[in-house]
> 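Okay, here's the structure, questions in a sec.
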Amino acid sequence: QVQLVESGGGLVQPGGSLRLSCAASGSIFGIYVMGWYRQGPGKQREFVARITTGGSTNYPDSVKGRFTISTDNAKNTVYLQMNTLKPEDTAVYYCNAANFKETYWGQGTQVTVSS
C-alpha cells in the first residue's frame, strides 16, 4: 500500500500563487509516475500534471505555463507550484501515484481562487 497526504491548499486571490505538496509513504518502491488531478464544483475529475521517475512532465493546455510539477526524491514528495491562478482553478486537488499494479490517491486539498 502507498499512502499519499496532500497539503498546501487554501484561499488565494486571482493572479496569486500556491504550492501544493504530496508526501508519499509505504510501499513506494515501484512507483513510476506521480501526478495531480482536480475536481471542481459540478465537474468531473481532470488531469492537471504528471511526472515520471525519469523526470518527464505533462500538462494539459489549461495549466501549461502556469503550473509546474516537481519532486524531492529524498523526501518522497511531489509538489505542484501554481502561479497566475484563476477562479476556474478552484477545485479539490488530488495527488496520485501509480505502479504497474495499482493507482493510489490522496484525500485531496481544497484550492479556492476568489477575490
Side-chain angles (χ1 to χ4, degrees):
Q1 287 292 322
V2 174
Q3 293 79 44
L4 302 172
V5 179
E6 301 102 332
S7 61
L11 173 65
V12 63
Q13 292 187 342
S17 298
L18 278 177
R19 189 177 79 156
L20 306 183
S21 300
C22 172
S25 62
S27 302
I28 61 174
F29 180 80
I31 295 294
Y32 68 90
V33 63
M34 295 188 72
W36 290 92
Y37 287 70
R38 67 185 181 187
Q39 188 165 14
K43 298 180 180 180
Q44 292 187 329
R45 191 173 295 191
E46 63 176 358
F47 166 67
V48 175
R50 72 167 61 94
I51 186 167
T52 68
T53 52
S56 297
T57 58
N58 295 96
Y59 308 90
D61 288 343
S62 58
V63 307
K64 195 174 294 183
R66 299 189 298 123
F67 291 11
T68 303
I69 189 170
S70 62
T71 57
D72 183 334
N73 293 328
K75 297 182 179 179
N76 296 323
T77 299
V78 61
Y79 303 98
L80 185 68
Q81 178 66 43
M82 305 186 294
N83 299 327
T84 320
L85 283 160
K86 305 175 182 180
E88 51 263 43
D89 295 318
T90 295
V92 178
Y93 283 71
Y94 297 91
C95 174
N96 87 336
N99 57 29
F100 290 100
K101 292 183 178 180
E102 294 186 61
T103 298
Y104 303 92
W105 293 90
Q107 81 288 350
T109 185
Q110 176 71 47
V111 171
T112 302
V113 184
S114 175
S115 55

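Residue numbers count from 1 along this sequence.
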> Can Asn99 and Tyr104 be said to form a side chain to side chain contact (heavy atoms under 4.5 Å, CB included), step by step?
CA-CA 9 Å; Asn99 57 29; Tyr104 303 92; 3.7 Å; yes
> Please, which pairs that meet side chain to side chain donor-acceptor pair (under 3.5 Å) have at least one residue in residues 68-81, sequence neighbours excluded?
Gln81-Asn83
> Identify the heavy atoms of Met34 and Leu4 that sit nearest to each other, and give their distance.
CE-CD2, 4.0 Å
> Should Leu80 and Phe47 be counted in the same cluster of Ile, Leu, Val, Met, Phe, Trp and Tyr side chains packed under 4.5 Å apart?
no
> Could you tell me if the side chain of Ser114 sits less than 4.5 Å from the side chain of Leu11, heavy atoms only?
yes
> Strictly distance-based, threshold 3.5 Å: is any side-chain N or O of Glu6 a donor or acceptor partner for the main-chain N or O of Cys95?
yes
> Can you tell me how far the OG atom of Ser62 sits from the CD atom of Glu46, to the nearest 0.5 Å?
5.5 Å
> Please find out if less than 6.0 Å separates the ring center of Phe100 from that of Tyr32.
yes
> Look up atom CG in Asn96 and atom CD in Glu102, then write down how far apart they are to the nearest 0.5 Å.
12.5 Å
> If you measure from CD on Gln3 to OG on Ser25, what distance do you get to the nearest 0.5 Å?
4.5 Å
> Do Tyr37 and Tyr93 pass the ring pair (Phe, Tyr, Trp, His ring centres under 6.0 Å) test, and can you show the C-alpha distance, the side-chain angles, and the key distance before you say yes or no?
CA-CA 6 Å; Tyr37 287 70; Tyr93 283 71; over 10 Å; no
> Any side-chain heavy-atom pair from Met82 and Trp36 closer than 4.5 angstrom?
no
> Between the main-chain N or O of Thr112 and the side-chain N or O of Thr90, is there a donor-acceptor pair closer than 3.5 Å?
no
> Go through it in stages, so that I can follow the logic: the residues are Lys86 and Asp89, the test is salt bridge (Lys or Arg N to Asp or Glu O under 4.0 Å), and I'd like the CA-CA distance, side-chain angles, deciding distance and then a yes or no.
CA-CA 5 Å; Lys86 305 175 182 180; Asp89 295 318; over 6 Å; no
> Should Val113 and Leu20 be counted in the same cluster of Ile, Leu, Val, Met, Phe, Trp and Tyr side chains packed under 4.5 Å apart?
yes
> Does the side chain of Ile31 reach to within under 4.5 Å of the side chain of Val2, using non-hydrogen atoms?
yes
> Does the cation-pi check pass for Arg38 over Tyr94, that is, NZ or CZ under 6.0 Å from the six-membered ring centre and within 45° of its axis?
no
> Answer yes if Ile28 and Val78 sit in the same cluster of Ile, Leu, Val, Met, Phe, Trp and Tyr residues linked by side chain heavy atoms under 4.5 Å apart, and no otherwise.
yes
> Between Phe67 and Leu85, is there a side-chain heavy-atom distance shorter than 4.5 Å?
yes
> Provide the closest heavy-atom pair for Ser115 versus Pro14 in the form atom of the first, atom of the second, distance.
N-CD, 3.7 Å
> Is there a donor-acceptor contact under 3.5 Å from the side chain of Tyr59 to the main chain of Ile69?
yes
